[in-house]
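All remarks here apply to the structure that follows.
Values below: all heavy atoms of this structure, side chains included; hydrogens, waters and symmetry mates excluded.
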Amino acid sequence: VTEPESLDGNAPVAAYPPDLIQAETALPALPPSIEALARSVTVGAQGPLADAELLVNWFRSGQFHYTLDPPASPPDTDPLVSFLTQTRSGSCEQFAGAFVVLARSLGLPSRVVVGFTAGRYGGPGEVTVRGADAHAWPQVYLGSRAGWVSFEPTPQQARGELTPEGVVGPSGVSTTTPTTAVGSQTTAPSPTAPLTVPTTVPI
């Protein structure tokens, strides 16, 4: 799908089912800086899809790094605040969780899902999916027509893994938004970036 508007991806969140909004935007008490950060990263966004894409762009702007051995948070520092503002290094679970917290703080219904990347092609009719292919990523609800749409905030790993099939990652956002400081975007993403709706792939 190359026309996100055809899926109502930028329809107002107020048009979503109230029960879904309440359940999928709930958050514990957070430092005020979290919502302020989310709003600074998505300044200028016009709708839920644009908000989600700007969050993806920020996480994949080169300021964050993927690692299975993330650094410890400094003493007396909130781990989420530390990840988003200081260490900026973590696993896919940290990126997915942080994305969902920022998205929910903006009022976007969102959730973390866990699955596998597509594995390795081994010849006709043969695909190998290993434990190392396990992955976590966020989904954002974008209206009744699009439903739950997957996004990929985790920076590409050094050994070149691809985004899971059906996940809106770098191929789904036509222009990565470089940032010079938190929320200081220098290039806006295309408002008509291709949107890939997740599909079920038999294993």
What's the spacing between C92 SG and W137 CH2 if we round to 0.5 Å? 9.0 Å
With a 4.5 Å heavy-atom cut-off, do L106 and E35 have their side chains touching? no
Just how far is it from atom CG of L80 to atom CG of L30, taken to the nearest 0.5 Å? 7.0 Å
Run the side chain to side chain donor-acceptor pair (under 3.5 Å) test against Q94 and tell me which residues pass, sequence neighbours left out. none
Between G107 and V13, the two heavy atoms sitting closest are O-CG1, 3.5 Å
Grab the two heavy atoms, one from F99 and one from F151, that are nearest each other, plus how far apart they are. CZ-CB, 4.3 Å
Do P155 and H65 have side-chain heavy atoms sitting under 4.5 Å apart? no
R104 side-chain N/O to P109 backbone N/O, donor-acceptor pair under 3.5 Å: no
Hey, does the side chain of R111 reach the backbone of P138 with a donor-acceptor pair shorter than 3.5 angstrom? no
Closest non-hydrogen atoms of T77 and S82, given as atom of the first, atom of the second and distance, are CG2-CB, 3.6 Å
Within the structure provided, determine whether V81 and S33 are in side-chain contact (heavy-atom separation under 4.5 Å). yes
Rounded to the nearest 0.5 Å, what's the gap from CG on L102 to CG on L54? Could you check? 12.0 Å
Can you find a pair of side-chain heavy atoms, one from T154 and one from E152, that are under 4.5 Å apart? yes
Using the rule given for ring-ring contact (aromatic ring centres under 6.0 Å, His included), can you reason through F95 versus Y66, listing the C-alpha separation, both sets of side-chain angles and the distance that settles it, and then say yes or no? CA-CA 9 Å; F95 282 98; Y66 175 87; 7.3 Å; no
Report yes if some heavy atom in the side chain of S89 is under 4.5 Å from a heavy atom in the side chain of P71; otherwise report no. yes
Any non-hydrogen side-chain atom of T87 less than 4.5 Å from a side-chain atom of F64? no
Kindly work out whether a path of hydrophobic side-chain contacts (I/L/V/M/F/W/Y, heavy atoms less than 4.5 Å apart) joins L55 to L27. yes
Applying side chain to side chain contact (heavy atoms under 4.5 Å, CB included) to L108 and D51, what does each step give before you reach the verdict? CA-CA 9 Å; L108 301 181; D51 280 329; 3.7 Å; yes
Side-chain donor/acceptor of S105 to backbone N/O of A103, under 3.5 Å: no
Does a side-chain heavy-atom distance below 4.5 Å link L142 with L49? yes
What distance separates T42 OG1 from N57 CG, expressed to the nearest 0.5 Å? 11.5 Å
Side-chain donor or acceptor of R60 paired with backbone N/O of V56 under 3.5 Å: no
Could you walk me through whether D78 and I34 pass the side chain to side chain contact (heavy atoms under 4.5 Å, CB included) check? CA-CA 11 Å; D78 181 283; I34 296 296; 5.5 Å; no
Heavy atoms only: give me the nearest S110-V140 pair and the separation to one decimal. CB-CG2, 4.2 Å
Taking every non-hydrogen atom, the tightest pair across V41 and W58: CG1-CB, 3.5 Å
Side chains of Y16 and S144 in contact at under 4.5 Å (non-hydrogen atoms): no
Using a distance-only test with no angle check, is there a side-chain donor-acceptor pair under 3.5 angstrom linking H135 and E93? no
